[in-house]
Amino acid sequence: MRGALSGLTTRGRCLLAAGIAAALCALVLNERDLLRVAIFAVALPVLAAALAAGARVGLVALRHVMPERVHVGNAAEVRVELRSTGRVPSGGLLLEDGVPYALGSRPRFVVERMSRKSSVGLRYPLQPVLRGVHQLGPMRARITDPFGLAEFERELGGTSRLIVAPKIVGLSGLPVGAGLGTGDDGAIRLRTGQGEDDAIVRQYRHGDDMRKVHWRSTARRDELMVRVEERPWRGGIAVLLDARESAHRGSGPSSSLEWAVSLTASICLHLHRHGQHVRLSTEDGHALAGGQSDGGHSDTEVLDALAALRPSHRRDLACSNDPGSGRELIAVLGATTPSAVHELIKYRQRSVRSLAVLLDVKSWAGSSEEGAADPQEVARLLTSAGWGVMIADARTPMTTVWTRLCHSTADRMAVGKGGAAW
């Protein structure tokens, strides 16, 4: 009874106090009619509280999220089945489901009355604007009696999970000269047999071994060409995502980190659709997907890993081994310093294809930052180490970034601003 009375509203408490006061006056004045009124005034809020408490115990909510995995910008729907299992009907219900801000506003429903052993179906849409593994619920029900004398709150339905994967952009084409593309670089690749190293030819650079000069290509192109032994591409491709919080700017869906995650997801799915085994890792070498020895991986594994990814608190890039693990490498990098570039390249062999997307994070910050590393300088360092580089800002379409990256070579750097390539 004490628990039921704790749910009395201000109106119910005032009526109960008035009834008790009237009862005391009736006893003092010996007024039977006043005593009858006092009994009614006391009994009404007590009865209302008891009925509301009984209705509270007999409510069950079942939540279904359809689908359980969506991409940023796509809609999902939540269906809630509210059942009354109590012996007494419930009065007015005010329902509110717990929805994170990244999925939209919290839905509220009003159910005027529920008969016993009945059910009510509710539904509401979700519009995810930020990736993540989001928890829905619990649903809170505020139960009142028809007179507004008693009110109770209860959590219903527990929680449900909704996975919001990064936005995927359709890409076309594959990197040239990397064993999986087409074009001039791919055309001059020499197959030496199953299981053996492949060879490509490129322009002579100062310091190259003269014993590796490819005379046939030199005669055809009328410039000195050398042969470079390269590991077979059949071992797969490594994709590295720089998720350091200090390397990105902006906040929420419009941050450079979310842009980088979306580009990384698009690249991984695009390569996977072309039959490539993709190993996705972060800047610290932690494998997010594709790290199994048997090579098993799927689009779902990549999307779930990126949906749950949180920014790293590491300040600098520090590689203890080859970030590509001997594979061809595609790196999506935030603000990068020259010292971080040396960490990336010191374990990488020049004969293994390496590509990088450099984010000009100033464009996401909305203003220039003093002391920030110049992406052009970083790009020159990577290019001199044999990397293909593309600089992207907030206005550069991802399709453009990928297309120019695919056609970049060690002797040409694609620059996102202004569309220049040199």
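- Counting only distance, with no hydrogens or angles, the side chain of His214 and the backbone of Ser217 share a donor-acceptor pair below 3.5 Å.
- Without hydrogens or angle criteria, Arg348 side chain to Arg353 main chain gives a donor-acceptor distance under 3.5 Å.
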side-chain contact (heavy atoms from CB on, under 4.5 Å) assessment of Leu303 paired with Leu269: CA-CA 9 Å; Leu303 293 176; Leu269 268 61; 4.2 Å; yes
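- For the pair Val169 and Leu263, the minimum side-chain heavy-atom distance is 4.5 Å or more.
- Residues Arg63 and Ser160 have side chains that bring a donor and an acceptor to within less than 3.5 angstrom of each other.
- Between the side chains of Arg249 and Ser256, not a single donor N or O lies within less than 3.5 Å of an accepting N or O.
- Looking only at side-chain heavy atoms (C-beta outward), Leu136 and Val78 come within less than 4.5 Å of each other.
- Applying the side-chain contact (heavy atoms from CB on, under 4.5 Å) test to Arg108 and every residue at least two apart in sequence or in another chain returns Glu96.
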Could you go through Leu309 and Val261, starting from their C-alpha distance and side-chain angles, then the distance that decides it, and tell me whether this counts as side-chain contact (heavy atoms from CB on, under 4.5 Å)? CA-CA 9 Å; Leu309 179 67; Val261 170; 4.2 Å; yes
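- Note on Arg83 versus Glu81: salt bridge recorded, some NZ/NE/NH1/NH2 to OD/OE distance being below 4.0 Å.
- No donor-acceptor pair closer than 3.5 Å links the side chain of Ser325 to the backbone N or O of Arg327.
- Side chain of Ser255 to backbone of Gly252: a donor-acceptor contact under 3.5 angstrom is found.
- Salt bridge present: Glu258 and Arg131 bring a charged side-chain N and a carboxylate O closer than 4.0 Å.
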What verdict does the side-chain contact (heavy atoms from CB on, under 4.5 Å) test give for Leu59 and Arg154, after you've listed the backbone C-alpha separation in whole Å, the side-chain angles of each residue and the deciding distance to 0.1 Å? CA-CA 9 Å; Leu59 287 177; Arg154 185 187 176 190; 4.2 Å; yes
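- With hydrogens and angles ignored, the 3.5 Å screen pairs a side-chain donor or acceptor of His248 with a backbone N or O of Asp242.
- Atoms CD1 and SG, from Ile168 and Cys268 in turn, are 9.0 Å apart once rounded to the nearest 0.5 Å.
- Here the OG1 atom belonging to Thr336 is positioned 12.0 Å from the CD atom belonging to Glu343, to the nearest 0.5 angstrom.
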Show, in sequence, the C-alpha distance, side-chain angles and deciding distance for Arg350 and Val352, and conclude whether the side-chain contact (heavy atoms from CB on, under 4.5 Å) test is met. CA-CA 5 Å; Arg350 295 180 67 100; Val352 182; over 6 Å; no
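- With hydrogens and angles disregarded, a donor-acceptor distance shorter than 3.5 Å links the side chain of Arg11 to the backbone of Phe147.
- Checking Ser363 against Asp360 by side-chain atom types alone, no donor-acceptor pair falls below 3.5 Å.
- The shortest side-chain heavy-atom distance between Leu130 and Val164 does not fall under the 4.5 Å cut-off.
- The CG atom of Asp374 lies 12.5 Å from the OG1 atom of Thr337; values are rounded to the nearest 0.5 Å.
- Using modelled atom types, no side-chain atom of Asp97 and backbone atom of Pro107 make a donor-acceptor pair closer than 3.5 Å.
- Separating the CG atom in Leu344 from the CG atom in Leu329 is a distance of 8.0 Å, to the nearest 0.5 Å.
- At a threshold of 4.5 Å between non-hydrogen side-chain atoms, the residues Leu122 and Leu95 count as touching.
- Residues His270 and Trp402 bring their aromatic ring centres within 6.0 Å.
- For the atom pair CD1 of Ile267 and CG of Leu171, the computed distance is 6.5 Å after rounding to the nearest 0.5 Å.
- Listed here is the closest heavy atom pair of Ala49 and Leu8: CB-CD2, 3.9 Å.
- A salt bridge links Arg69 with Asp304; the closest basic N to acidic carboxylate O contact falls under 4.0 Å.
- With salt bridges taken as basic N to acidic carboxylate O contacts below 4.0 Å, none links Glu283 and Arg244.
- Of the listed residues (Ile391, Val332, Leu333), just one forms a side-chain contact (heavy atoms from CB on, under 4.5 Å) with Leu359, and that residue is Val332.
- For the pair Thr396 (side chain) and Asp393 (backbone), a donor-acceptor distance under 3.5 Å is present.
- Thr218 places a side-chain N or O within 3.5 Å of a backbone atom of Met225 that can act as its donor or acceptor partner.
- Proximity of a side-chain donor or acceptor of Ser384 to a complementary backbone N or O of Leu382 within less than 3.5 Å is not detected.
- In this structure the side chain of Val133 reaches within 4.5 angstrom of the side chain of Arg161, judged on heavy atoms.
- Remark: Trp259 CH2 to Met398 CE distance equals 5.0 Å, nearest 0.5 Å.
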